[in-house]
Amino acid sequence: MFELSVDDIDLIENSLRRAQTALSHADRDESEQERREREEALTRIHDLLGRLHDQKIFYRPKSGVYVGG
């Protein structure tokens, strides 16, 4: 059990997205081992972002018009 604020989660998500972007750019000279490690890291980041999203609780106003976005 962790106690994280909304700002903490936002920072974690933004950091993971930046790491994901950086890892998405393959180096032409990378070895097969490096490619596998990079792809594994990308998969782990993607899975973690998905788990974080699944644990969020989204609220809608009980009255009035809901405007998403």
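Just so you know, residue 1 is the first one in the sequence shown, and it goes up from there. What you are looking at is a predicted structure, and each value in this text was computed from that prediction instead of being measured.
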Q: Hey, could you give me the CD1/CG distance between Ile45 and Leu42, rounded to the nearest 0.5 Å?
A: 6.0 Å
Q) Which salt bridge (charged side-chain N to carboxylate O under 4.0 Å, His left out) pairs, counting each pair once, include a residue from residues 8-18, with sequence neighbours left out? A) Glu13-Lys56
Q | side-chain hydrogen bond (donor to acceptor under 3.5 Å, both in side chains) partners of residues 38-50, not counting sequence neighbours, each pair once | A | Glu30-Arg38, Arg35-Glu39
Q | Residues in side chain to side chain donor-acceptor pair (under 3.5 Å) contact with Glu37, at least two apart in sequence or another chain | A | Gln33
Q | Spacing of Ile12 atom CD1 and Asp7 atom CG [to the nearest 0.5 Å] | A | 11.0 Å
(Q) Grouping I, L, V, M, F, W and Y whenever their side-chain heavy atoms are under 4.5 Å apart, do Leu49 and Ile9 come out in a common cluster? (A) yes
(Q) Could you report the tightest heavy-atom contact between Ser31 and Glu34, atom names first, then the distance? (A) N-OE1, 2.7 Å
